Amino acid sequence: MTLSSSSPSISEKGDVLHVEDGKVAAEAGLYNPHIDVSGIDERALMRKVDLRTLPWLSFLYLLCFLDRTSIGNAKLYNMEAELGITDSQYLICLTIFFTSYAIFEVPSNIVLKRLKPSVWLSLLMVLWGIMMTVQGLVHNYSGLLVMRWMLGAFEAGLFPGVTYYLSCWYKRSEFGIRAAIFFSAATISGAFGGLLAVAIAKMNGIGGKPAWSWIFIIEGLITIAAGAVSYWIIVDFPDTATFLTEAERTVVIRRLQGDAQFSAAGEKMQWRHIRKALTEWKTYIAMIVYAGIDMPLYAFALFLPSIIKHVRYSATRANLLTVPVYALACISTCLVGFLADRYGNPAVGYIILIVSRNAALSYFAVFLAASGIYPCIRDAWMSNNSEGTYKRSVALAMVISWGNLQGAVSSNVYRANQTPWYPLGHELVLMYIGTGLIATITFRFLLKRENARRDRGERDEIIEGREGGFEVNGRFASVEDAKREKGDEWSGYRYTL
């Protein structure tokens with residue numbers, strides 16, 4: 001197919017297309033104008049890109065989520081007793097992971113912009129795999145505490161890094177389903193983690209190591225191996241993708257040019273971009289939305305085995321019973337991403353968990369909770385509504401970091417003295433869900449209202465040589481100048497609802 005050359009600007013993603021090489025015109029001209037792309041089937045091309053990027057990245061996130069939450073599976077095999085730690089100390093070990101995780105997300109994204117994804121993401125995986133393995137060799141509380149801190153620090157870069165990386169390949173209208181497929185790996189890891197824990201637990205006593213220790217060691221070694229080969233599997237950005245022909249690379253980049261993201265090629269680092277992300281209302285409402293999702297998510301992932309066990313199931317059976325719960329969560333996550341909506345209501349499941357005193361009913365309730373929590377992860381929503389390379393990078397990192405910091409809260413809501421029904425934990429999770437729902441409705445309303453104001457012309461800028469516009473919205477020499485200067489505040493930009 002022949003792509004139109006009518007679009008006057010390049011997407012924000014052009015900034016990561018190494019525009020300093022001179023391939024992209026300084027004034028946001030058409031990428032590779034001399035290349036004939038009439039023989040390229042765009043849909044077939046994007047399927048090719050999907051197959052080259054999504055499966056492996058999803059596998060990496062599966063390992064990431066598996067490594068951070070497997071401590072919940074290991075706990076069922078006498079980990080606390082053998083390490084001599086109390087319930088409060090165990091909760092501190094969960095909390096400290098999310099503290100370092102939140103701290104290092106923003107710095108990691110900055111490093112990712114300096115290094116290639118194939119280098120940085122692979123290095124992070126090897127390092128956190130080592131931490132995971134050593135976690136299986138600790139003998140006391142202090143050792144476990146240090147390893148959890150280090151694990152959080154090295155895992156911090158994968159999720160925000162891959163989110164940004166995918167935005168460098170896909171248009172905004174395509175991002176939601178890809179993000180849903182990527183995140184569905186978290187639900188698969190939940191199911192796989194239960195099965196793997198049961199299998200590894202059979203190694204109890206081998207080499208003088210208990211079952212919980214082998215869970216950490218084996219999963220850590222798998223991560224190290226995956227990280228080592230990732231350097232050769234992860235492709236970087238479209239302009240350097242060796243699995244594509246020159247014409248195919250040109251089509252991918254021109255698609256980004258035609259998307260409603262138009263940061264000038266070669267956008268320079270300026271503090272005003274950072275300041276805008278720090279002061280914009282969208283960032284903070286999105287943080288509340290994400291917190292309302294992430295806290296229930298981590299509470300569910302970390303404590304599901306314990307919740308099931310304490311309603312009268314053995315450790316092995318409890319781990320096995322987590323598998324169908326996560327299988328349903330995986331299906332619902334992909335379905336909601338495909339429909340590009342925000343269906344799923346985890347509140348129903350948690351209401352039942354609060355009032356239930358029956359094991360079978362409580363088990364049914366966790367199915368409802370899983371099918372509602374996991375599909376609600378919508379990091380693409382903020383990404384799609386923030387224009388400008390540095391502004392988006394900082395805003396997205398802030399939202400994800402704040403959401404993940406809620407893992408520190410969720411790590412402390414299911415207390416041992418609340419077994420077997422954990423009423424306080426379920427009530428706090430329900431409160432977060434309600435807060436997130438209110439914030440979601442508010443965010444959607446405000447974005448829709450702003451779009452309507454732009455449709456009415458209230459945000460029009462004064463463009464030299466053209467009629468109309470308002471001085472309060474700015475005066476610019478051209479539409480291109482307005483786009484570059486204002487980003488998503490430009491009057492022609494429409495927010496994704």
Side-chain angles (χ1 to χ4, degrees), residues 12-13 15-16 18 57 60-61 63-65 67-68 94-132 134 145-168 179 182-183 223 227 230-231 234 236-237 263 267-280 282-284 286-287 290-291 294 298 377 379-380 382-383 386 388-409 411:
E12 162 202 336
K13 298 144 189 172
D15 180 60
V16 298
H18 310 302
L57 291 175
L60 298 187
Y61 193 61
L63 295 179
C64 178
F65 212 81
D67 289 347
R68 82 178 62 167
L94 298 186
T95 303
I96 200 169
F97 169 91
F98 292 103
T99 304
S100 61
Y101 192 99
I103 289 173
F104 289 102
E105 278 185 303
V106 175
S108 179
N109 252 18
I110 295 174
V111 174
L112 179 67
K113 290 178 62 64
R114 301 294 180 181
L115 297 178
K116 297 187 297 185
S118 59
V119 174
W120 182 238
L121 297 180
S122 300
L123 178 62
L124 287 178
M125 286 202 66
V126 171
L127 292 175
W128 97 57
I130 293 173
M131 297 305 108
M132 183 70 176
V134 175
L145 195 65
V146 171
M147 287 302 101
R148 293 297 292 181
W149 169 271
M150 297 300 294
L151 185 65
F154 290 126
E155 278 199 19
L158 185 70
F159 187 72
V162 171
T163 299
Y164 179 78
Y165 169 82
L166 289 177
S167 75
C168 298
F182 169 68
F183 186 76
T223 299
S230 289
Y231 176 77
I234 296 176
D236 293 314
F237 299 112
S263 299
E267 179 184 66
K268 301 298 183 182
M269 166 63 178
Q270 298 182 35
W271 282 110
R272 66 184 181 86
H273 300 311
I274 309 301
R275 186 166 57 251
K276 191 62 180 176
L278 294 173
T279 58
E280 191 169 61
K282 296 199 307 293
T283 304
Y284 292 96
M287 288 169 67
Y290 211 69
D294 261 16
Y298 285 121
I377 295 294
D379 56 284
M382 183 60 192
S383 178
S386 185
T389 299
Y390 289 97
K391 177 183 175 182
R392 171 190 287 188
S393 178
V394 172
L396 189 59
M398 287 174 62
V399 170
I400 295 177
S401 294
W402 179 250
N404 285 323
L405 190 59
Q406 305 312 305
V409 178
S411 298

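Computed from a prediction, not measured in an experiment: that's the story for all the values here.
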Hits for side chain to side chain donor-acceptor pair (under 3.5 Å) against S122, two or more places apart or cross-chain, chain-then-number order -> none
How would you list, by chain and number, every residue that makes a side chain to side chain contact (heavy atoms under 4.5 Å, CB included) with T99, sequence neighbours excluded?
T95, I103, W149
Kindly compute the distance separating CD1 (I234) from CG (L121), expressed to the nearest 0.5 Å.
5.0 Å
Working to the nearest 0.5 Å, report the span between CG of L63 and CE of M125.
5.0 Å
At what distance, to the nearest 0.5 angstrom, does CD1 of I400 lie from OG1 of T163?
4.5 Å
Search all heavy atoms of L124 against all heavy atoms of G157 and return the closest pair with its distance.
CD1-CA, 3.7 Å
Can you list everything that forms a side chain to side chain contact (heavy atoms under 4.5 Å, CB included) with V111? Sequence neighbours excluded, please.
L115, W120
R68 backbone acceptor or donor facing R148 side chain under 3.5 Å
yes
Ignoring hydrogens and angles, tell me if any N or O in the side chain of Y284 forms a donor-acceptor pair with the backbone of V399 under 3.5 Å.
no
I need the M132 CE to D67 CG distance, nearest 0.5 Å.
4.5 Å
Return the CH2 to CG distance between W128 and L123, rounded to the nearest 0.5 Å.
11.0 Å
Any chance OH of Y231 has more than 12 other-residue heavy atoms, nucleotides or ligands included, within less than 6.0 Å?
no
Name all residues meeting the salt bridge (Lys or Arg N to Asp or Glu O under 4.0 Å) criterion together with E105; count only those two or more places apart in sequence or in a different chain, and write none if there are none.
none
Using a 3.5 Å distance criterion without hydrogens, assess whether the side chain of D236 forms a donor-acceptor pair with backbone atoms of S118.
yes
Looking at every non-hydrogen atom in both residues, tell me the closest pair between T283 and A395 and how far apart they are.
OG1-CB, 3.9 Å
Taking all non-hydrogen atoms of both residues, which atom of V126 and which atom of G227 are closest, and how far apart?
CG2-C, 3.8 Å
Could you work out, with ring-ring contact (aromatic ring centres under 6.0 Å, His included) as the rule, every residue matching Y101, not counting sequence neighbours?
F97
Quick one: list whatever passes side chain to side chain contact (heavy atoms under 4.5 Å, CB included) with V134, sequence neighbours left out.
I130, M147
Separation between SG (C64) and CG (L151), nearest 0.5 Å, reads 8.0 Å
Minimal non-hydrogen separation, S100 against A153, with atom names
OG-N, 3.3 Å
